[in-house]
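All figures in this text were calculated on a predicted structure; none of them were measured in a lab.
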Amino acid sequence: MRKNRHGSEKSEFSILALDDDPIMTATIQSYFQGAGYQVDVENDPVAAIERVRTCHYDILLLDFLMTPLCGDQVVEQIRTFNHDLFIILLTGHKSMAPPIRTIRALDIQGYYEKNDRFDQLELLVESCVKSIRQMRLIRSYQQRLADMASIMPEIYALQEPNQIGSHILAAVQSLWACTDGLLAIWDGGRGAPHLRFSSGDAMAGLDAETPELLCTQVEQQFGRERVLCSPVANSLGESVGVLAIVMAGKPDFYQEQLFRIFVRQCAASMENTLLLRRVKDSYVEVIKALRLMVDAKDIYTRGHSDRVSYYAGHLAAALGKDPETCRQVRLAGLFHDVGKMAIPDNILLSPDKLTDEEFEVIRKHPECGSSILSAISSFRTIAPIVRSHHERIDGKGYPDGLSGTDIPEASRIISIADTFDAMTSARRYRPSMTFDQALEKLVEVKDTQLDGKMVDVFLNVIRELPEEIRQMEPGEQLRFFAEEVF
């Protein structure tokens, strides 16, 4: 057995070992507990399914041939209610393993051919652990972005400098759970800060004549390992202030990135005379992050917002709309699903048919997206577009049941682009359609779901796209569309 150098780190990961041979499960338990993992065992497949349903496990190691259920049958039942569990299938011989298409369909991370050594199995488990750590980081990052998005509109709405300063420090403590914080703003030149706020006694004693010197003081007193400190720059790139926080431990990469985004937002909120002009450029970074976060919630829809924006912009241009209208359509397409941040994962990612109550939750995402965008002055004009992108020509859409030309023109454009991209994107419950198959479907819903005249124009828009775009892999398409949008 390899020497365990990270036992304390591994103890946070739990394993369930399932095999109808008690000797095998006992051996696995002994080996991996020695490597620092938490390990439970089960010899009954039916009981194991219930344990996964009621208890939290990160990794499942299970035998393929068991009674009364084989391993693939166990996985199939587990996947109806748990998609996060990492699963490794154990086989007595490689020829006894299920076909690769079954492994892929059931989202099994790998299989291991049983032998006297567990080194290969340990490597598979460690690979799962690395992936789990990354998923935990991503979810933490998503939650912090969502928290920041909910805080920033309130800060932008404040006009009194003293209020802005106290709210920024309160937000910092909420987002980073820091032990101390300092915000200092200079009104040009050197000397004492024009405005100064601190949330702890240690920071209150620091004093410097320039932002650069204050940053140096903070790092020297508290140590660079525990400090997040950044100059606050104005619209000309000049350092006019400092925002610094002291963490209980060393901040990770994602905390540093979020802090940089937050500092830029704070700089814009404090520059009152340029607020209206800068709010879009400074806040769009958070909106982009929210859009990417929506995509990250479901790998099957990754890049969807970029493509909807791309298709909708080209359709608007083909309809003869002026450049400003085309820009508004592209922006609305980019942010049309931002309201899905408010939808719980267990509903948004459910593999089962939604209940009426769950579908009503899904139907609220246009209203949620409209509310988010309405809080930002630069994006208020696209909020009604986002609200109505799921309305139908026949009046059977949502949230307001609008019909015909009562639906905003830009919303009708985005609805076509959204529908087309949804059909040409692979989902967990169905494969993607070809471009031509999707276009045929659009024709079928003309003048009921979608604006018929716009659909006719869209058919030509898609057929005139360069052939190389149709042949691109989804990741390549995303890079191409991002260049077009931005």
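Taking 4.0 Å as the cut-off between side-chain N and carboxylate O, Asp436 and Arg463 do not count as a salt-bridged pair. Taking a cutoff of 4.0 Å between a charged side-chain nitrogen and a carboxylate oxygen, Arg136 and Asp58 qualify as a salt bridge.
Residues Glu391 and Pro399 come closest through the heavy atom pair OE2-N, 3.3 Å. Looking at every heavy atom in both residues, Asp418 comes nearest to Val308 through CA-CG2, 3.8 Å. Closest non-hydrogen pair, Ile414 versus Ala312, comes out as CG1-CB, 4.2 Å. Closest approach of Ile108 to Ile87, counting heavy atoms only: CG2-O, 3.5 Å. Here the shortest heavy-atom pairing between Ala383 and Leu373 reads CB-CB, 4.2 Å. Arg363 and Gly397 get closest at one heavy-atom pair: NH2-O, 4.5 Å.
Checked by atom type and distance alone, the side chain of Asn82 pairs as donor or acceptor with a backbone atom of Leu85 at under 3.5 Å. In this structure, Ser127 contributes its side chain and Leu123 its backbone to no donor-acceptor pair below 3.5 Å. Distance alone, capped at 3.5 Å, is enough to place a donor-acceptor pair between the Arg226 side chain and the Met247 backbone.
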With ring-ring contact (aromatic ring centres under 6.0 Å, His included) as the test, would you mind laying out the steps for Tyr31 and Phe118 before giving the verdict?
CA-CA 8 Å; Tyr31 184 92; Phe118 282 161; 5.3 Å; yes

In sequence, state the C-alpha distance, the side-chain angles, and the governing distance for Leu450 and Thr419, and then conclude on side chain to side chain contact (heavy atoms under 4.5 Å, CB included).
CA-CA 9 Å; Leu450 305 174; Thr419 303; 4.0 Å; yes

Using the side-chain hydrogen bond (donor to acceptor under 3.5 Å, both in side chains) rule, take Ser388 and Arg412 through it: C-alpha gap first, then chi angles, then the decisive distance, then the call.
CA-CA 8 Å; Ser388 299; Arg412 285 178 272 149; over 6 Å; no

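Here the SG atom belonging to Cys128 is positioned 8.0 Å from the CG atom belonging to Leu61, to the nearest 0.5 angstrom. The CG atom of Leu121 sits 11.0 Å away from the NZ atom of Lys114 when rounded to the nearest 0.5 Å.
No side-chain heavy atom of Leu182 sits less than 4.5 Å from a side-chain heavy atom of Leu243. Between Pro344 and Val361 there is a side-chain heavy-atom pair separated by less than 4.5 Å. Put simply, the side chain of Phe259 reaches to within 4.5 Å of the side chain of Ser230, judged on heavy atoms. Side chains of Ile462 and His314 form no contact here, defined as non-hydrogen atoms less than 4.5 Å apart. Within the 4.5 Å cutoff, side-chain heavy atoms of Val125 are placed close to those of Phe32. Residues Phe13 and Gln38 fail the side-chain proximity criterion, which asks for heavy atoms closer than 4.5 Å.
Side chains of Arg307 and Ser425: a donor-acceptor N/O pair is present below 3.5 angstrom, by distance only. Checking His304 against His336 by side-chain atom types alone, a donor-acceptor pair falls below 3.5 Å.
Counting heavy atoms of neighbouring residues, nucleotides and ligands inside a 6.0 Å radius, atom CD of Gln73 exceeds 12 of them. Other residues, nucleotides and ligands contribute at most 12 non-hydrogen atoms within 6.0 Å of the NZ atom of Lys364.
For the ring-ring contact (aromatic ring centres under 6.0 Å, His included) test, residues two or more places apart in sequence or in another chain that qualify with Phe420 are Tyr311, Phe435, Phe458. Under the side-chain hydrogen bond (donor to acceptor under 3.5 Å, both in side chains) criterion, Tyr57 pairs with Asp40, Arg51, sequence neighbours left out. The side-chain hydrogen bond (donor to acceptor under 3.5 Å, both in side chains) test applied to Glu256 returns no partner, not counting sequence neighbours. Considering only residues two or more places apart in sequence or on other chains, Ala47 meets the side-chain contact (heavy atoms from CB on, under 4.5 Å) condition with Glu42, Asp44. For Arg392, the side-chain hydrogen bond (donor to acceptor under 3.5 Å, both in side chains) test picks out Asp394, with sequence neighbours left out. Residues passing the side-chain hydrogen bond (donor to acceptor under 3.5 Å, both in side chains) test with Gln109 are Asp107, sequence neighbours excluded.
Using cut-offs of 30° and 60° on the angle between ring planes, the pair Tyr398 and His365 is perpendicular.
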